[in-house]
Amino acid sequence: MVDVTRLSRLFAGRRDSISQARAFGRAFIADRVPDEVAGLVELVVSELCTNAVEHTASGEDGGSYVLELELQDGHVRVAVVDMGALTQPAVNEEPSGPDAVSGRGLFIVEAVSKAWGSEPVRVGRRVWADVVGAAV
């Protein structure tokens, strides 16, 4: 049996693909990380995929994004390669009201990750986060 530590998958740039991406992430890390970390990985997958669909060309007709997952020493790297945007990803520093339904994604990613960032790639941008649990 081969122990795969890195896996990626292409998803259509639609909102309904985000639940598929979460399920893909959950299946990849099942029984490989503590439950606490698994829950945080699923949250980060959801937030990064949502950002790709809502804020980049990945969400346009025919758009797509790639979810990359990698088990590393002490953490899980979650990355999403989108099709690019005119703006750079940034944590929203504006306080949101309790009824706000958007604008908190990267704030959440930053809060539950030991590090996150973005880098240009040939077809767009890779946004990544290193997810750890409290015990790591």
Side-chain angles (χ1 to χ4, degrees):
M1 181 172 153
V2 176
D3 184 23
V4 176
T5 59
R6 183 187 308 188
L7 201 60
S8 63
R9 181 176 160 196
L10 178 72
F11 291 91
R14 299 186 317 263
R15 287 195 60 72
D16 63 348
S17 72
I18 297 166
S19 62
Q20 297 167 4
R22 280 194 309 268
F24 176 77
R26 190 171 41 251
F28 176 69
I29 60 173
D31 301 324
R32 299 173 85 175
V33 298
D35 289 344
E36 170 195 6
V37 175
L40 295 176
V41 167
E42 191 171 345
L43 176 62
V44 170
V45 165
S46 184
E47 295 300 337
L48 293 184
C49 292
T50 297
N51 283 352
V53 170
E54 291 189 359
H55 301 294
T56 76
S58 293
E60 296 175 4
D61 285 343
S64 61
Y65 62 92
V66 175
L67 172 60
E68 303 174 337
L69 299 163
E70 183 175 3
L71 292 170
Q72 296 184 352
D73 187 31
H75 67 273
V76 179
R77 164 112 358 140
V78 177
V80 173
V81 179
D82 63 45
M83 295 177 73
L86 297 176
T87 59
Q88 296 296 317
V91 174
N92 186 355
E93 298 297 335
E94 296 288 321
S96 299
D99 297 329
V101 294
S102 66
R104 296 185 182 129
L106 289 177
F107 178 82
I108 292 169
V109 169
E110 183 174 68
V112 302
S113 303
K114 75 174 186 176
W116 76 276
S118 69
E119 58 201 16
V121 294
R122 190 170 56 164
V123 295
R125 176 180 331 137
R126 173 182 289 110
V127 181
W128 57 268
D130 292 337
V131 182
V132 298
V136 177

Tyr65 and Ser17: side chain donor to acceptor below 3.5 Å: yes

Is there a side-chain contact between Val41 and Val33 in this structure, where contact means two heavy atoms from C-beta onward sitting under 4.5 Å apart? no

pair Val37-Val132: side-chain heavy atoms closer than 4.5 Å: no

Heavy-atom pair of closest approach, residues Met83 and Gly63: SD-CA, 3.6 Å

Taking all non-hydrogen atoms of both residues, which atom of Ser19 and which atom of Asp16 are closest, and how far apart? OG-O, 3.3 Å

Given Thr56, which partner from the list Leu86, Thr87, Asp82, Val127 fulfils the side chain to side chain contact (heavy atoms under 4.5 Å, CB included) test? Asp82

Partner of Leu48 by side chain to side chain contact (heavy atoms under 4.5 Å, CB included), out of Val80, Leu43, Leu67: Val80

In one Ile/Leu/Val/Met/Phe/Trp/Tyr side-chain cluster, 4.5 Å: [X], [Y]:
| X | Y | result |
| --- | --- | --- |
| Leu106 | Val78 | yes |
| Val66 | Val109 | no |
| Val131 | Ile18 | yes |

Do the side chains of Asp130 and Lys114 get close enough for a salt bridge, i.e. N-O under 4.0 angstrom? no

Judged by atom type as modelled, is there a donor-acceptor pair below 3.5 Å linking the side chain of Ser58 to the main-chain atoms of Val53? no

Between Arg32 (side chain only) and Phe28 (backbone N and O only), is there a donor and an acceptor less than 3.5 Å apart? yes

Among residues at least two apart in sequence or on other chains, which ones pass side chain to side chain contact (heavy atoms under 4.5 Å, CB included) with Glu119? Arg126, Trp128

Restricting to pairs with a member in residues 43-63, which pass ring-ring contact (aromatic ring centres under 6.0 Å, His included), not counting sequence neighbours? none

Decide yes or no on side-chain contact (heavy atoms from CB on, under 4.5 Å) for Ile29 and Leu69, but give the supporting numbers first. CA-CA 9 Å; Ile29 60 173; Leu69 299 163; 5.6 Å; no

Scan the side chains in residues 4-13 for donor-acceptor partners under 3.5 Å anywhere in the protein, sequence neighbours excluded, and list what turns up.
| from | atom 1 | to | atom 2 | distance (Å) |
| --- | --- | --- | --- | --- |
| Arg6 | NH2 | Glu70 | OE2 | 3.3 |

Could you give the distance from CD (Glu54) to SG (Cys49), rounded to the nearest 0.5 Å? 11.5 Å

Taking only residues two or more places apart in sequence or in another chain, which ones pass salt bridge (Lys or Arg N to Asp or Glu O under 4.0 Å) with Asp73? none

Partner set under side-chain hydrogen bond (donor to acceptor under 3.5 Å, both in side chains) for Ser64, not counting sequence neighbours: none

Please identify each residue that fulfils side-chain hydrogen bond (donor to acceptor under 3.5 Å, both in side chains) with Ser113, with sequence neighbours left out. none

Any pair with a residue in residues 43-52 that passes side chain to side chain donor-acceptor pair (under 3.5 Å), sequence neighbours left out, goes on the list, sorted by first then second residue, please. Arg22-Ser46

